[in-house]
Number of protein chains: 2
Amino acid sequence: MKKDLLISAPEPTIRRMPTYVHYLKGLEAGPETFISTSKMSVDLGFDPTQIRKDLSYVDIVGKNRVGYPIEQLIKAIEDFLGWNIRKDAILVGAGHLGSALMGYERLDQYGINIVMAFDVQPGKVGEKIHGIEIRHISKMAEVIKQKNIQVGIITVPASQAQAVASMMEDSGIKAIWNFAPISLNISKNNVFVENALLYSSLSVLACKLKNL
Amino acid sequence: MKKDLLISAPEPTIRRMPTYVHYLKGLEAGPETFISTSKMSVDLGFDPTQIRKDLSYVDIVGKNRVGYPIEQLIKAIEDFLGWNIRKDAILVGAGHLGSALMGYERLDQYGINIVMAFDVQPGKVGEKIHGIEIRHISKMAEVIKQKNIQVGIITVPASQAQAVASMMEDSGIKAIWNFAPISLNISKNNVFVENALLYSSLSVLACKLKNL
DNA sequence: TAGATTGTTAATCGATTAACAATC
DNA sequence: TAGATTGTTAATCGATTAACAATC
């Protein structure tokens with residue numbers, strides 16, 4: 001629809017989008033080719049108006065009395081989210097979490113392609129985890145520049161996260177996906193930082209449980 | 001402060017709290033014993049009024065012209081978040097992500113104690129990962145009831161997440177920390193569900209990168 | 001046509017931020 | 001005292017939701 005003037009969607013809208021995609025993919029197996037926001041509302045527990053508002057940011061047109069064409073809707077949301085654009089990434093910190101991310105095949109479904117990982121531990125450097133080569137952190141800057149890497153994933157302990165982030169910034173990384181529980185300082189503001197905030201999620205759980 | 005009438009904090013406030021704790025712990029090593037919201041504002045990039053508003057939900061009193069006592073503030077926020085109350089948990093899905101969570105020693109810092117894990121794969125059942133025993137999923141309900149487990153962590157593929165959630169609900173679990181990218185349906189609403197939403201975080205990154 | 005649905009405008013709600021009195 | 005800071009009240013901002021016209 002519209003899309004003449006490109007107003008970027010509010011962040012809460014962006015955060016709901018993947019839920020729509022995963023839900024819609026589940027419908028693909030079924031007999032229906034169209035889905036209405038009233039049905040989505042029931043299944044997802046979201047307000048139908050909110051769903052329509054969210055979908056208004058996406059390049060799709062619904063049919064009155066019918067709904068949205070499922071397949072096209074999935075494609076449109078994926079395009080909106082940038083999942084169909086490949087983003088080369090490097091990962092720093094090949095510990096438990098880092099390894100889990102490297103093994104998460106699904107990641108390239110989101111357009112993220114981890115081309116290499118870095119660590120400092122001698123036992124890890126030179127090895128491969130889930131097919132991804134691990135090199136010493138001192139080689140990172142060179143690789144980023146050479147391969148024109150856009151995304152850096154930080155899965156090192158909090159104490160080393162800032163140093164890694166600064167190195168990434170200096171090497172020309174465009175965006176950082178940060179799993180360390182600290183707030184990164186980026187001096188120039190040409191690097192976008194997204195914090196995974198697992199501990200925030202866990203804290204909401206703990207807090208609600210406490211007040212039960 | 002107040003705390004006479006216990007108004008639960010807004011969720012955005014709860015989500016910022018862990019950032020405060022991690023930041024404050026970093027200060028403990030330093031020479032200062034007090035911290036002002038103006039200093040926190042500079043270091044964290046948050047509005048100082050917002051920080052004071054957030055702290056108003058916590059059982060702490062600041063000193064005029066001085067700030068908040070760091071050590072007491074940490075303790076107060078941790079208490080607020082329920083990190084100091086132990087919550088026994090079970091984890092279902094001993095794959096990459098599940099293993100990473102089992103290996104994440106830090107988890108008990110947040111009060112989460114994973115007592116056992118479950119899976120269906122014969123190669124995994126009977127083994128231990130990071131010291132945590134893995135049993136067959138068919139034993140789950142019994143263990144939850146016997147050990148009075150409160151928290152269930154779901155790290156299975158999306159296709160099996162709903163079935164696991166329903167089993168947890170029936171067994172009397174109080175809260176679910178869900179890593180599967182689907183919206184869980186809980187029939188009775190006496191189970192609190194917190195979605196980790198890693199893919200939402202990743203989508204914000206991909207979306208921002210697309211519009212760069 | 002009647003009725004279900006989209007898509008938008010307007011109202012509401014809640015969180016953030018500005019302003020400022022109180023304090024030491 | 002002067003000035004920095006807390007803690008709160010009021011204003012602002014933005015997201016959610018209600019209402020409804022347009023459509024098929």
Side-chain angles (χ1 to χ4, degrees), chain A residues 1-5 7-17 19-20 24 27 32-70 72-73 76-77 80 183 197 200 203-204 207, chain B residues 1-5 7-17 19-20 24 27 32-70 72-73 76-77 80 183 197 200 203-204 207:
Chain A
M1 70 201 27
K2 55 260 82 121
K3 279 321 77 150
D4 311 301
L5 60 157
I7 299 165
S8 126
E11 215 176 277
T13 292
I14 298 175
R15 291 191 186 275
R16 279 188 295 270
M17 291 291 189
T19 306
Y20 298 144
L24 294 166
L27 293 181
E32 306 294 339
T33 53
F34 282 81
I35 181 75
S36 70
T37 52
S38 33
K39 173 105 170 52
M40 286 180 77
S41 168
V42 171
D43 292 343
L44 294 171
F46 294 171
D47 185 285
T49 306
Q50 182 171 68
I51 298 174
R52 285 199 293 279
K53 187 82 165 198
D54 284 346
L55 296 187
S56 76
Y57 292 97
V58 166
D59 189 18
I60 191 80
V61 181
K63 259 207 182 100
N64 265 319
R65 304 226 314 120
V66 178
Y68 299 83
I70 296 174
Q72 282 169 255
L73 183 52
I77 300 178
F80 168 84
S183 140
L197 296 180
S200 286
S203 294
V204 173
C207 204
Chain B
M1 70 201 29
K2 55 259 80 118
K3 281 321 81 151
D4 311 301
L5 59 158
I7 299 164
S8 127
E11 215 176 278
T13 293
I14 299 175
R15 291 190 187 274
R16 280 188 293 272
M17 292 290 188
T19 306
Y20 298 144
L24 294 166
L27 293 181
E32 307 294 340
T33 52
F34 282 80
I35 181 76
S36 70
T37 52
S38 31
K39 174 105 169 50
M40 286 180 76
S41 167
V42 172
D43 292 343
L44 294 171
F46 293 170
D47 186 285
T49 306
Q50 182 172 67
I51 299 174
R52 285 200 293 280
K53 187 82 165 194
D54 284 347
L55 296 187
S56 76
Y57 292 98
V58 166
D59 190 17
I60 191 79
V61 181
K63 260 207 179 98
N64 266 319
R65 305 226 312 121
V66 178
Y68 298 83
I70 296 174
Q72 282 168 256
L73 182 53
I77 300 178
F80 167 84
S183 138
L197 298 180
S200 286
S203 294
V204 174
C207 204

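So that the names make sense, note that chain A is the first sequence line, chain B the second, and so on, each numbered from 1. These figures come from a predicted structure and were not determined experimentally.
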Legend entry - Heavy-atom pair of closest approach, residues B:Tyr20 and B:Gln50: OH-O, 4.4 Å

Inset, instruction - Tell me which residues in residues 34-44 of chain B put a heavy atom below 4.0 Å from DNA chain D, sorted by number, or none. - result: B:Ser36, B:Thr37, B:Ser38

Legend entry - Minimum-distance pair of heavy atoms, taken over all atoms of B:Val58 and B:Ile77: CG1-N, 3.9 Å

Legend entry - Between C1' of D:dT5 and CD1 of B:Ile51, the distance in whole Å: 13 Å

Legend entry - Check: B:Phe46 main-chain N/O paired with B:Ser41 side-chain donor or acceptor under 3.5 Å: yes

Inset, instruction - Say whether, by atom type as modelled, one donor and one acceptor occur between the side chain of B:Ser36 and the main chain of B:Gly67 under 3.5 angstrom. - result: no

Legend entry - Smallest separation among heavy atoms of B:Pro69 and B:Ile60, with atom names: CG-CD1, 4.3 Å

Legend entry - B:Thr19 versus A:Ser183, closest heavy-atom pair with distance: CG2-CB, 4.3 Å

Inset, instruction - Would you give a per-nucleotide map of nucleotides 13-24 of chain D, 5' to 3', where B means the base has a protein non-hydrogen atom under 4.0 Å away, S means only the sugar-phosphate does, and - means neither? - result: --SSBB---BBB

Inset, instruction - Would you please confirm or rule out a distance under 4.0 Å between OP1 or OP2 of D:dG7 and any side-chain N or O of B:Tyr68? - result: yes

Legend entry - Spacing of CD1 belonging to B:Ile70 relative to CG belonging to B:Leu24, to within rounding of 0.5 Å: 6.5 Å

Inset, instruction - Rounded to the nearest 0.5 Å, what's the gap from CG on B:Leu197 to CG on A:Leu197? Could you check? - result: 11.5 Å

Legend entry - Validation row: B:Phe34, B:Lys39 side chains within 4.5 angstrom (heavy atoms): no

Legend entry - Note, B:Phe80 side chain near B:Asp59 side chain (heavy atom, < 4.5 Å): no

Legend entry - Canonical and wobble pairing (Watson-Crick, G-U, under 3.5 Å) of DNA chain D, dot-bracket with |: ..||||||||||||||||||||||

Legend entry - Length of the line joining B:Leu55:CG and D:dG7:C1', which is rounded to integer Å: 11 Å

